[in-house]
Every structure is written in structure tokens, then in C-alpha cells.
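Take a look at the structure below.
Chain letters run A, B, ... following the sequence lines, proteins first and then strands; every chain starts at 1.
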Amino acid sequence: MPRVRFAPSPTGYLHIGSARTFIFNWLYARKNNGTMILRLDDTDIERNTQVSIDSIFDGLKWLGLSWDEYYRQSERLDLHKEMAERILAAGFAYRDFTPAQTEEEKQEDSGPWLFHPGMRELTSEESDARAAAGEPFVLRFRVPRGENKAVKFKDSVFGDQYKKADEIEDFALLRSNGMPTYHMASCADDVDLKIDHIIRGQDHLTNTFKHVLIFEALGGVKPKFAHLPLLIAPDGAKLSKRKHGPVVSVTTYRDAGFLPQAYINFLCLLGWSPKNNREQMSRQELIDAFTFGGVNRSNAVVNFSEADPIDPKAQWLNGQHLRTVGLEELLPMVRARIEAEGLAIPEERFGLIVETIRARYTSLHDFAVKGRPYFADDFAMEEAAGERLDEPEARPLLRELGARVEGSAEFTEASVEKILRDLSAERDVKPGVLINGSRAALTGQAVGPSAFHLFMAMGRERSVARLKGV
RNA sequence: GGCGCUAUCGUCUAGUGGUUAGGACGGGGCCCUCUCAAGGCCCAGGCAGGAGUUCAAUUCUCCUUAGCGCUACCA
């Protein structure tokens, strides 16, 4: 049974790239009856914020993504330090007493930096003595040198990877303040939590060689790896809040009226393909279809622009889900939107209204904005709709239609249609005048659902009132 | 600079030596029709460049170019 983890560092809102990484971990876990672990990599106390943690939970909750175990790295520091000590004791690490370098000093060094001279060779007696004397040091991994050793691992997405150990620098495990670095903390936790498949962004691909070294030093079983292509902006740069704004935050899509399953669907299609031309897929279909073989190796562009901040394909997918999802699932989401606008829901016709208008909308937001006439009486009369009402004879005829609908025994699509067509024949006007006029009167919009559907969605009382009020 | 990864329509992608290079979004058009959507049909649009290997390269190899990543006592 696989154990996988999503390990965000809470230094900002939930990034869509992070959300996608969670989703791929989750798909893999759910497909293989595995365990999904949420681990907050919050060792960078300077940059961690509660706001960020809340944002991560908010985003995941909205997407309906669940996990089975939860940890915070900041509560596991003793474990990290203990494992670092173990690596030191086993001779795979050494203390580096070189004072921290400034930026300028680093710049001066041309060529690759591998280690500080003299530090690898310190005897354990001298090292212990200087440490005991309180001299600050960084604990570094003693990367094998001059042995022509290759570090290798198999990536489920990128295939076999290897790198000469001689090209890997002696990276830090423990900082001079005793705190573990990301590499140390992450690997220690992965070992302790028995993670057996690490699924993360491709930005970690080259870090993995270091991690393999740590795993080997720790003597544990080396996990498998799967690196995911990165999400980038149309300009090729990686998505960043500073540069690209709210398009990188998951909550933006929630607020824009996305269905969570549609957004998950969209994110999955960025860098992964079921290879059978399927596009619209439910959560379960995604779980069933997921394999690492379907993961692409090149970065995927999230296609947004200043004018259109939402990727058109995401928008389309949302529309697809919107019109095919079961009403029992959709109604609560629409309800929340409508009520957030302070509008009243005609309970007896709610389902009918949503059925009537959903095919025309692409976001939940549309129900409260474009759909306002269905839930409120104070809606705007669009110019094009006004023109329909200004057709010769239109207003008096519509008022008459209202009176007849009010007085008729039946109120069904068929009965309204009969009344309307009889009236148009009687007065010798084209039915279109009344049909389009009704739509304009009922919704203030020149375009929309079939007029007779509209009567049913609006109900008799509201329809009559609006017709008589033209 | 060094090391690594990547490169198919504008975008997301299918494709692992022989295909009219397929699908989707977006764009254009037609049909349907009480309008608008939805739906159906059609059109335009692509293998980064150059060498090689081969009877045959989008596909394999190399080079170039471009993008991205890593190169911290950040994660």
C-alpha cells in the first residue's frame, strides 16, 4: 500500500501548481488504496504564516481533497536533528566551521563550489573539540569524491537519472543555529513516515540526487520518485503572485465560480493525459485513469492574459461540468452563490430554474449575475431587450398576453404557447414579436432560454406581473 | 559560468521509423432554431534549426538555439 505525501511550505496562499501536486499524489493514493499524507514543511519560521496555512486548508477543502495523516515539520525537529547526528556518527557528514559567506564573496567564486577546503579532513577529535568549545558550524554531507561514484535513481516520469557524485556540492544538513535544512528535514520525515513514492514538482529533480545520498546514509529503503512538469505563465516564466497576480491562487478560481471537480479536471489536464482524447472527467474517472505514464515531461502553460485572466479551456471545462453534473450536487453550490448575493430562492422552482439556464452559463457566478432576473425583481433592462419591447404593438400585446395567462385555468408550457399563438394569430402579428417580447419582459434580456421554458421557470405570478408591467 | 531537464497547431495534448501528423480549447463558417447558448458538421493552424543513422525520420543519435530548474546556513 503506497504512502505518499504533499509537503507544502506555508509561505503564501495555495498556489495552483501546489494544488496540482496534491492532486497527483491524491490520485495515485486513491487509485492504489494508499495513504495520503499532508505534511506542512514549516521549518522556515521567518517566512511561515498562519494566513498561509489557512489558505492551504481553505483551498484543499474547497477542492474536496482529503488526506489520511497530518504532520507539521516544526514539531518534528528532534527527529531531524537526531537523524543528522546519525549521519555524522556514521561518517557521512562533517562539521564545517567556515563562517557564513556574504553574497559578494559568493559572486567572486567563479566555477562550481563543492566544499570549503580543509573542513572535510578535520579529525573527529578536533571537530568535536571545536564544537564543544562552542564554535559555530554547519553540518555538511560528505559527498563521495574521487571515487567516480554515480548517484542514480529511477523517476516514474523522467526515467533513469544519474549524476556524478563529484559534481554534487557538500550540501548542508544542519544550519549553524542547529536547525535542519530543507533537505535534511524532508528526507528524515520521508524515511520516518515511510513515504515510498515522492511525487513533487520538477524543480526538485536535481535536488533528488542529494536526497538519494541522504536516504542511503540513513540506510533506509530508498523511495521511488515522480517529478511533475511545472506550470508556467504564457511568457514562459514560472507562475508568481508578484508577477502574475491572483491567477496563481486557487481561491481565485473558487471565487470566479468554478466547480471544484471542474478545476481539478483542468489541473490534471495540465501535464497529464489519459491518452484517449478524453477531456471532461469526474474525480472518479481521473482516479481510475491515472498513471505516471500519462504524465508529460515538458512544462505546461496556464493560458491567461490581462484581458482574460481565466484559461479559456478551464472556462470551457467548467461549463461542461456545470451542465452535466447531477442537480443534487449543483444546487447547493448555486444556492450558496445566490444567497451570498442576498437574493431569494423560489424553492419550488429552484431546480427548474437551474435546469433552464445552466447550459448558457460557464460559472457559478453567472447564476447570480446573468441569472439575477430569476431570483430578484430589480434587474436591469438591457438595451437589446428594450428594443424588443419597442416593436410596434409589442407592449399592449404583451400586457394582454399577461392578462390571458393570468386568467387561464392551466399554466404549462403548452398552455402558454397556445395562448400566445392564438393571440398572435388573432391580432395578426408574428409570434416572434410575442415570443421575443416575452423573453425581454420576463428577464430584461434579449437572449436566453426558450420563452415557454422561461414562463415555467419564472412561475405564473412573476411572469404575469412582468408582462403587465411593460 | 557549471550541471540537469525539456522542445508537435496560439494554448493543452495524442503519437515511440512508413499516418492525409489525431483530439480538445480558442478563431472562422454552416446546420438546428422564437433569440442566445448547448449540440452536430466543416475550415484555417503544428513536428524550433542543422547534420547524421536508415530504403524511410515528428519518432533514433549528435550539434545549435530557446525555455525552465538546480547551483544558499530558502523551501
Could you work out, with salt bridge (Lys or Arg N to Asp or Glu O under 4.0 Å) as the rule, every residue matching [X], not counting sequence neighbours?
{"X": "A:R427", "value": "none"}
{"X": "A:R337", "value": "none"}
{"X": "A:K418", "value": "A:D422"}
{"X": "A:R372", "value": "A:D378"}

Find the distance [X]:[atom1] to [N]:[atom2] and express it as a whole number of Å.
{"X": "A:L401", "N": "B:C34", "atom1": "CG", "atom2": "P", "result": "17 Å"}
{"X": "A:D155", "N": "B:G69", "atom1": "CG", "atom2": "C1'", "result": "14 Å"}
{"X": "A:R358", "N": "B:G39", "atom1": "CZ", "atom2": "P", "result": "13 Å"}
{"X": "A:K370", "N": "B:C36", "atom1": "NZ", "atom2": "P", "result": "14 Å"}

What is the pairing partner of [N], taking Watson-Crick or G-U wobble pairs with both distances under 3.5 Å in any strand?
{"N": "B:C34", "result": "none"}
{"N": "B:A24", "result": "B:U11"}
{"N": "B:C73", "result": "none"}
{"N": "B:A56", "result": "none"}
{"N": "B:U19", "result": "none"}

Under the rule for side-chain hydrogen bond (donor to acceptor under 3.5 Å, both in side chains), what residues qualify as partners of [X], not counting sequence neighbours?
{"X": "A:S74", "result": "A:D42"}
{"X": "A:R462", "result": "A:D377"}
{"X": "A:R95", "result": "A:S127, A:D128"}
{"X": "A:E46", "result": "none"}

Query raised in the report: Does A:D203 make a side-chain donor-acceptor contact with the base of B:A75, cut-off 3.5 Å?
Result: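 Looking at the base of B:A75, it does not pair with any donor or acceptor on the side chain of A:D203 (distance under 3.5 Å).
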Query raised in the report: Do A:T206 and B:C70 have a side chain to base donor-acceptor pair shorter than 3.5 Å?
Result: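 A donor-acceptor contact between them is absent.
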Requested in this report: Name every residue in residues 432-457 of chain A that has at least one heavy atom under 4.0 Å from any atom of RNA chain B, in order of residue number, or write none if there are no such residues.
Outcome: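 Here the set is A:I435, A:N436, A:R439, A:A446, A:V447, A:G448, A:P449, A:S450, A:A451, A:F452.
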Query raised in the report: Looking only at side-chain N and O atoms, does A:R175 come under 4.0 Å of OP1 or OP2 in B:A75?
Result: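 Yes, because at least one side-chain N or O of A:R175 sits under 4.0 Å from OP1 or OP2 of B:A75.
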Just the atom pairs and distances: protein N or O near nucleotides 24-27 of chain B's N or O, under 3.5 Å.
| from | atom 1 | to | atom 2 | distance (Å) |
| --- | --- | --- | --- | --- |
| B:A24 | O4' | A:E279 | OE2 | 3.3 |
| B:A24 | N3 | A:K313 | NZ | 2.9 |
| B:C25 | O2' | A:P312 | O | 3.4 |
| B:C25 | O2' | A:K313 | N | 3.2 |

Pull out every protein N or O sitting under 3.5 Å from an N or O of nucleotides 5-7 of chain B, one pair per line with the distance.
| from | atom 1 | to | atom 2 | distance (Å) |
| --- | --- | --- | --- | --- |
| B:C5 | O2' | A:Q202 | NE2 | 3.1 |

Query raised in the report: Which of parallel (below 30°), tilted (30 to 60°) and perpendicular (above 60°) describes A:F292 and A:F290?
Result: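 Aromatic pair A:F292/A:F290 classed perpendicular.
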Query - Residue pair A:P112 / A:E167, side-chain heavy-atom distance below 4.5 Å - result: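 No; the side chains remain at least 4.5 Å from each other.
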**Report entry** Per A:K275 side chain, nearest of listed nucleotides B:U13, B:C74, B:A14
**Finding:**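 So the side chain of A:K275 is nearest to B:A14.
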Report task. Applying ring pair (Phe, Tyr, Trp, His ring centres under 6.0 Å), name anything that partners A:F455, two or more places apart in sequence or on another chain. Result ->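 For A:F455 there are no ring pair (Phe, Tyr, Trp, His ring centres under 6.0 Å) partners, ignoring immediate neighbours.
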**Report entry** B:A14 to B:C25 separation - C1' atoms, rounded to the nearest Å
**Finding:**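 One C1' to the other, the span is 15 Å.
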